[in-house]
Amino acid sequence: LVSYNAMVAVYAQTGHLHDSKRVFDDMPVHDLISFNAIAGAYSHTGHLQDAKEMFDTLPERDLVSWTGMLTAYTRSGHLQDAKGIFCDMPQRDIVSWTAMLTAYARLGYLESAKSMFDSIPQRDCVCWSAMISVYGQKGQIDGAKRVFEDMPERNMVSWSSMLAAYAQNGHLNDAKVLFESMPYRDLMTWTTMLTVLTEEDRVDDARVLFDEMPQRDIVTWTAMLAAYTRNGHLENAKHLFDRIPQLNQICCNAMLDAYAQNSQLKEALEMFHKIHERDVACWSVMIYAYAHNGHLDLARKVLETMPERNIASWGAMLSGYSLTGHFLRVFEVLDLFRLIECPDSVCFVAIFGACNYIGKMEAGRQWFLSMIMDYKVEPT
RNA sequence: UUGGAGGAUAGGCGA
């Protein structure tokens with residue numbers, strides 16, 4: 001039973017749902033660990049419904065089952081359900097507290113995340129590191145640094161979280177200093193440093209680092225590809241892409257983006273069609289590609305065809321219209337989403353452009369006030 | 001043997 005469970009778990013962790021399920025179905029008896037493991041497989045592969053069904057039909061549930069379900073909801077963006085699970089679970093421990101902390105942060109409730117953190121009695125390295133990451137994702141470097149310095153002991157992930165917090169918020173020098181002083185480095189921290197070099201437009205140094213890295217994985221390859229794209233080296237990007245050992249959805253998106261940024265519409269479209277499981281980013285790149293090559297109508301069609309939209313997809317369309325002088329279209333599209341999605345700073349740049357162009361300075365001022373008061377978007 | 005924390009891709013400005 002232990003070996004079977006271990007196999008289910010290994011396949012689950014590597015995202016091989018079918019193999020995981022096959023082993024699960026083949027095993028003679030199941031215990032709670034097997035059920036939890038297969039539920040985790042569903043959750044890891046984004047099959048929220050199946051995970052929930054498994055959870056609901058469990059004859060008994062332990063802390064692992066409850067926390068697993070909490071995480072499944074968090075991963076799929078169902079924060080209210082995550083909170084419901086947290087409230088309903090009969091006991092909680094440091095793992096579930098940390099899971100809930102992360103869930104709050106995802107929803108944007110930094111304060112709730114913080115008070116959850118503060119209320120954890122015996123904090124371990126994981127919840128400290130989670131808190132660093134929360135501050136980092138919120139752009140609050142000082143908070144991240146304070147947590148990092150306050151924690152009683154640090155592990156690989158703590159250092160790595162702090163490094164990522166610096167890198168993702170443009171504190172490139174701090175990132176470099178921290179990297180030099182790190183007691184350990186691994187694939188993830190190396191990759192973070194690759195993105196730091198990229199942001200500094202040191203693409204050649206990035207390539208040297210890439211070549212010298214002791215290991216590379218798909219994330220590293222994609223980071224290098226993005227480095228070439230950012231610096232306009234389409235040929236190098238193509239070359240690199242052809243050498244990637246195992247393609248995934250994200251690196252294909254990155255290549256699609258390389259074509260889009262370089263106005264290679266035909267190649268972009270070709271790549272788009274090669275991608276079968278398209279996510280929001282993939283579709284949004286196509287909006288960008290069309291909008292920046294004079295095909296506003298096709299961009300709009302993509303916007304309307306894509307299965308789901310987020311603020312970046314709306315923003316791509318808005319910017320496309322604004323930059324090409326289709327100012328009435330800006331407001332037309334804005335009306336399509338402003339009640340369901342909060343416009344962000346990119347959207348407002350497009351809106352102000354539209355207002356200025358058609359001479360409606362007063363309307364622009366109103367939008368500016370509304371941005372701050374109603375939408376809580378800070379001017380940048 | 002099952003649950004919690006870190007790295008890559010999309011929109012304006014910048015580059």
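What you are looking at is a predicted structure, and each value in this text was computed from that prediction instead of being measured. Proteins get letters first, then strands, A, B, ... in listed order; numbering begins at 1 in each.
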A.B. asks: Using only atom types and a distance under 3.5 Å, with no angle test, would you say the side chain of A/S160 pairs donor to acceptor with the backbone of A/M156?
C.D. replies: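 Not a single qualifying donor-acceptor pair exists.
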
A.B. asks: Report all interatomic pairs (protein N or O, nucleotide N or O of nucleotides 9-13 of chain B) with separations under 3.5 Å.
C.D. replies:
{"unit_1": "B/rU9", "atom_1": "O2", "unit_2": "A/N253", "atom_2": "ND2", "d": "2.9"}
{"unit_1": "B/rA10", "atom_1": "N1", "unit_2": "A/N310", "atom_2": "ND2", "d": "2.9"}
{"unit_1": "B/rA10", "atom_1": "N3", "unit_2": "A/S284", "atom_2": "OG", "d": "3.4"}
{"unit_1": "B/rG11", "atom_1": "OP1", "unit_2": "A/Q261", "atom_2": "NE2", "d": "2.8"}
{"unit_1": "B/rG11", "atom_1": "O2'", "unit_2": "A/G315", "atom_2": "O", "d": "3.2"}
{"unit_1": "B/rG11", "atom_1": "O2'", "unit_2": "A/A316", "atom_2": "N", "d": "3.4"}
{"unit_1": "B/rG11", "atom_1": "O2'", "unit_2": "A/S319", "atom_2": "OG", "d": "3.1"}
{"unit_1": "B/rG11", "atom_1": "N1", "unit_2": "A/D344", "atom_2": "OD2", "d": "2.6"}
{"unit_1": "B/rG11", "atom_1": "N2", "unit_2": "A/I311", "atom_2": "O", "d": "3.3"}
{"unit_1": "B/rG11", "atom_1": "N2", "unit_2": "A/D344", "atom_2": "OD1", "d": "2.7"}
{"unit_1": "B/rG11", "atom_1": "N2", "unit_2": "A/D344", "atom_2": "OD2", "d": "3.1"}
{"unit_1": "B/rG12", "atom_1": "O4'", "unit_2": "A/S319", "atom_2": "OG", "d": "3.3"}

A.B. asks: Which residues, if any, of residues 353-371 of chain A bring a heavy atom under 4.0 Å of RNA chain B?
C.D. replies: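 Output list: empty, so none.
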
A.B. asks: Indicate yes or no: does A/D211 engage A/R207 in a salt bridge with an N to O separation below 4.0 Å.
C.D. replies: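 Salt bridge present between A/D211 and A/R207.
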
A.B. asks: Heavy atoms within less than 4.0 Å of RNA chain B: which residues of residues 97-121 of chain A have one? Give them sorted by number.
C.D. replies: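 Residues of residues 97-121 of chain A under 4.0 Å from RNA chain B: A/T98, A/A99, A/T102.
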
A.B. asks: Got a sec, which residues hit side chain to side chain donor-acceptor pair (under 3.5 Å) with A/T229, two or more places apart in sequence or on another chain?
C.D. replies: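 For A/T229, no residue satisfies side chain to side chain donor-acceptor pair (under 3.5 Å) once neighbours in sequence are set aside.
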
A.B. asks: Got a donor-acceptor pair under 3.5 Å from the side chain of A/D186 to the base of B/rG7?
C.D. replies: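 A donor-acceptor contact between them is absent.
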
A.B. asks: Under 4.0 Å, counting only non-hydrogen atoms across every strand here, what does A/D31 touch: a base, just sugar-phosphate, or nothing?
C.D. replies: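 Since no nucleic acid heavy atom lies under 4.0 Å of A/D31, the category is nothing.
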
A.B. asks: Looking at RNA chain B, which of residues 58-73 of chain A put a heavy atom within less than 4.0 Å of it?
C.D. replies: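 A/L63, A/V64, A/T67, A/G68, A/T71, in order of number.
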
A.B. asks: What ring-ring contact (aromatic ring centres under 6.0 Å, His included) pairs are there with at least one residue in residues 14-47 of chain A, not counting sequence neighbours?
C.D. replies: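 Pairs touching residues 14-47 of chain A that pass the test: A/F24-A/H30, A/F24-A/F35, A/H30-A/F35.
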
A.B. asks: If a pair satisfies ring-ring contact (aromatic ring centres under 6.0 Å, His included) and one of its residues is in residues 237-274 of chain A, list it, with sequence neighbours excluded.
C.D. replies: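 Listed once each, the pairs are A/F272-A/W283.
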
A.B. asks: What orientation do A/F55 and A/W66 show, parallel under 30°, tilted 30 to 60°, or perpendicular over 60°?
C.D. replies: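 The arrangement is perpendicular - the two ring planes meet at more than 60°.
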
A.B. asks: Output the single nucleotide from B/rU2, B/rG7, B/rA15 whose closest atom is nearest the side chain of A/A164.
C.D. replies: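 Closest of the options to the side chain of A/A164: B/rG7.
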
A.B. asks: Contacts to RNA chain B from residues 173-180 of chain A, heavy-atom cutoff under 4.0 Å, which residues?
C.D. replies: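 When residues 173-180 of chain A is checked for heavy atoms under 4.0 Å from RNA chain B, there are no hits whatsoever.
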
A.B. asks: List the residues meeting salt bridge (Lys or Arg N to Asp or Glu O under 4.0 Å) with A/K21, not counting sequence neighbours, and say none if there are none.
C.D. replies: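 Salt bridge (Lys or Arg N to Asp or Glu O under 4.0 Å) list for A/K21, sorted by chain: A/D25.
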
A.B. asks: Give one of base, sugar-phosphate or nothing for A/I94, where a contact means two heavy atoms less than 4.0 Å apart.
C.D. replies: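 Answer is base: heavy atoms of A/I94 come under 4.0 Å of a base.
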
A.B. asks: Give one of base, sugar-phosphate or nothing for A/L187, where a contact means two heavy atoms less than 4.0 Å apart.
C.D. replies: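 Result for A/L187 = base.
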
A.B. asks: By the 4.0 Å heavy-atom rule, please label A/E199 as base, sugar-phosphate, or nothing.
C.D. replies: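 Touches nothing.
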
A.B. asks: Regarding A/M224, tell me which of base, sugar-phosphate or nothing describes its non-hydrogen contacts under 4.0 Å with the strands shown.
C.D. replies: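 The residue A/M224 makes no contact with any strand.
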
A.B. asks: Please enumerate all residues that pass side chain to side chain donor-acceptor pair (under 3.5 Å) together with A/D81, with sequence neighbours excluded.
C.D. replies: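 A/D81 satisfies side chain to side chain donor-acceptor pair (under 3.5 Å) with no residue once adjacent residues are dropped.
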
A.B. asks: Check this one for me: any side-chain N or O of A/Q13 less than 4.0 Å away from OP1 or OP2 of B/rU1?
C.D. replies: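 So the side chain of A/Q13 is outside the cut-off, no N or O lying under 4.0 Å from OP1 or OP2 of B/rU1.
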
A.B. asks: Output all residues satisfying side chain to side chain donor-acceptor pair (under 3.5 Å) with A/D242, sequence neighbours left out; order by chain, then residue number.
C.D. replies: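 Result, side chain to side chain donor-acceptor pair (under 3.5 Å) vs A/D242: none returned.
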
A.B. asks: Check every strand shown and say whether A/T191 touches a base, only sugar-phosphate, or nothing at a heavy-atom separation below 4.0 Å.
C.D. replies: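 A/T191: base contact, heavy atoms under 4.0 Å.
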
A.B. asks: By side chain to side chain donor-acceptor pair (under 3.5 Å), which residues pair with A/E332, not counting sequence neighbours?
C.D. replies: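 With sequence neighbours excluded, A/E332 shows a side chain to side chain donor-acceptor pair (under 3.5 Å) to A/R300, A/R329, given in chain and number order.
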
A.B. asks: Hey, does the side-chain of A/D217 have a donor or acceptor N/O within less than 3.5 Å of a partner on the base of B/rA8?
C.D. replies: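 Per atom types, no contact qualifies.
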
A.B. asks: Under 4.0 Å: is that the gap between some side-chain N or O of A/Q91 and OP1 or OP2 of B/rG3?
C.D. replies: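 Answer no for this pair, as no side-chain N or O of A/Q91 is under 4.0 Å from OP1 or OP2.
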
A.B. asks: Applying the side-chain hydrogen bond (donor to acceptor under 3.5 Å, both in side chains) test to A/T189, which of A/D186, A/T191, A/T192 qualifies?
C.D. replies: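 The side-chain hydrogen bond (donor to acceptor under 3.5 Å, both in side chains) with A/T189 is passed solely by A/D186 among A/D186, A/T191, A/T192.
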
